[in-house]
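Chain letters run A, B, ... following the sequence lines, proteins first and then strands; every chain starts at 1. Since the structure is predicted, the reported quantities are computational estimates derived from the model, not experimental observations.
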There are 2 protein chains.
Amino acid sequence: MLIQTRPDPSPAAHERVYRGLRTRIMHGEIAPGESLTLRGIGREFGVSMTPARESIRRLVAEGALTLSASGRVSTPEITNDRIEELAALRSLLEVELASRALPRAHIALIDRLQSINGGITEMVERHDAVGYIRSNLEFHRALYLRAQAPAMLAMAETVWLQLGPTMRKLYGRLRRSEPPHYHRLIIAALKAGDEPGLRLAVRMDVTQGLRLLTT
Amino acid sequence: MLIQTRPDPSPAAHERVYRGLRTRIMHGEIAPGESLTLRGIGREFGVSMTPARESIRRLVAEGALTLSASGRVSTPEITNDRIEELAALRSLLEVELASRALPRAHIALIDRLQSINGGITEMVERHDAVGYIRSNLEFHRALYLRAQAPAMLAMAETVWLQLGPTMRKLYGRLRRSEPPHYHRLIIAALKAGDEPGLRLAVRMDVTQGLRLLTT
DNA sequence: GACCGGGAAATGTGATCACAAATCTGTTCC
DNA sequence: GGAACAGATTTGTGATCACATTTCCCGGTC
């Protein structure tokens, strides 16, 4: 075999740009309604307009960005109806994912979740909004990875992406020292093998924060 | 006002290409594993590689196409696990959409559904696979449009898109003169305002065919 | 007959450019 | 003072090109 396995020597430029923008959006680092330009993105990542355009198309397709009639791209202004819908989607998808992960949840996973949870508490104390959002999503992703349902997980992440720009705003309205209460319930239900309890805990955790925005 | 309202005078080239490919994939006109080339697409639609590439990026982002490590694009070969997952997603999303549409379902909608249903029967008699798939999706979309949940509908359509290439294969295994049995149940439940019945009928309709593929 | 190798063709990637449309800006006019 | 207009600038779009890599095909070797 002549070809040495090099899994990802230098990701394509459009991939780099895509990943960069994606995590920024998902973590709420871009305000709703903020607008972007192809040349600006290109300059920022040191590439030409071509890869910038491709990454934008991808993000638009995933609902992370909207583009106006004239082709201008910006993060979507989110309405209450849309938030309600996205919260319902999170509930539907993530309850199912958690349920599928339950029979596969070993002790190692529970340890991992508890560790991530500690990180979340730390972020709350530090008032680090981006860190909080990132850790919170990490908690959910760690659990759902056990569901062995990649298409479903991808859909859930797409919903997170669409909610990204409002997450920041959401965080501002949370109680300052709010501990991840429902996360504890999720872990307890996992330990007990309690499926109805797990479903309820996930549903509450997922809709709790978003309810604040719609009222 | 100087600017005359022209809602869509000439859709951008990449949009045309995107729509063209999308409907072909969703209707099952492209076999699983079939591969496409940027130059080929460009030649077919009379455009250069640039719009072809953008539409491909979009479709890949939506899961309608996969691209290999070397960047080659093709329709995804679908495994049984993936089909099971996508069927579960259809079930989750479409049951919810139908449920939300129920309180808004007027007589005009029911008439429309019955009319589409007639078209489906016709397609079955004609052994027109593509027409069958198209009419079937039209039936579901007409119902879900009443749910007033655009983000959720978009997700459901994404799942249809991902199932597209296997729809054709599925059709081949259906009984020749199979009438849209569960569609009748859906319409009956709508008329009766029977929510549990509607949820069940949609779940059965959505998973019925796909079950054939996994066994 | 099957496997391997090398060269030719095909393919994806990214940069650059021209062009049209949209946006911005500074000035003028009421 | 504020609205309207015209020119300048910015921006998205799509075509074209060069380049590196991959894929394909044909001939040779064991």
(request) Can you sort out the partners of A:L97 under side chain to side chain contact (heavy atoms under 4.5 Å, CB included), two or more places apart, ordered by chain and number? (result)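 Result, side chain to side chain contact (heavy atoms under 4.5 Å, CB included) vs A:L97: A:Y144, A:A147, A:A149, A:M152, A:A156.
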(message) Listing request: all salt bridge (charged side-chain N to carboxylate O under 4.0 Å, His left out) pairs with a residue in residues 95-114 of chain A, at least two apart in sequence or in separate chains.
(response)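 Sorted pair list: A:E96-A:R100, A:R100-B:E84, A:R112-A:E138.
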(message) Considering only residues two or more places apart or on different chains, which pairs with a residue in residues 144-165 of chain A satisfy salt bridge (charged side-chain N to carboxylate O under 4.0 Å, His left out)?
(response) A:R22-A:E157, A:R141-A:E157
(message) In this structure, how many angstroms lie between the P atom of D:dT10 and the CD1 atom of A:I41, rounded?
(response)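 So the CD1-P distance, A:I41 to D:dT10, works out to 17 Å.
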(message) Using C1' atoms of five pairs at each end, report the bend of the helix from C:dG1-D:dC30 to C:dC30-D:dG1 rounded to 10 degrees.
(response) 20°
Close N or O pairs between protein and nucleotides 11-13 of chain C (under 3.5 Å):
from	atom 1	to	atom 2	distance (Å)
C:dT11	O4'	B:R72	NH2	3.3
C:dG12	OP2	B:L38	N	2.9
C:dG12	N7	B:R39	NH1	3.0
C:dG12	O6	B:R39	NH2	3.3
C:dT13	OP1	B:R57	NH2	3.3
C:dT13	OP2	B:R57	NH2	2.9

(request) For B:R58 and B:H14, run side chain to side chain donor-acceptor pair (under 3.5 Å): C-alpha distance rounded to whole Å, both residues' side-chain angles, the deciding distance at 0.1 Å, then the answer. (result) CA-CA 10 Å; B:R58 243 175 114 176; B:H14 64 88; 4.5 Å; no
(message) Under the criterion side-chain contact (heavy atoms from CB on, under 4.5 Å), I'd like the reasoning laid out for A:L113 against A:N117: C-alpha separation, chi angles, the key distance, then a yes or no.
(response) CA-CA 6 Å; A:L113 293 180; A:N117 230 5; over 6 Å; no
(request) Before giving the answer on salt bridge (Lys or Arg N to Asp or Glu O under 4.0 Å), spell out for A:E77 and A:R82 the whole-Å C-alpha distance, their side-chain angles and the decisive distance to 0.1 Å. (result) CA-CA 10 Å; A:E77 296 276 9; A:R82 192 170 158 77; over 6 Å; no
(message) Under the criterion side-chain contact (heavy atoms from CB on, under 4.5 Å), I'd like the reasoning laid out for A:L93 against B:L89: C-alpha separation, chi angles, the key distance, then a yes or no.
(response) CA-CA 8 Å; A:L93 296 173; B:L89 277 170; 3.4 Å; yes
(request) Could you tell me which residues satisfy salt bridge (charged side-chain N to carboxylate O under 4.0 Å, His left out) with B:R43, sequence neighbours excluded, listed by chain and number? (result)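 Applying salt bridge (charged side-chain N to carboxylate O under 4.0 Å, His left out) to B:R43 gives none.
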(message) Check the phosphate of C:dA15 against A:S48, side-chain N and O only, distance under 4.0 Å to OP1 or OP2. Yes or no?
(response)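 Yes, within the criterion.
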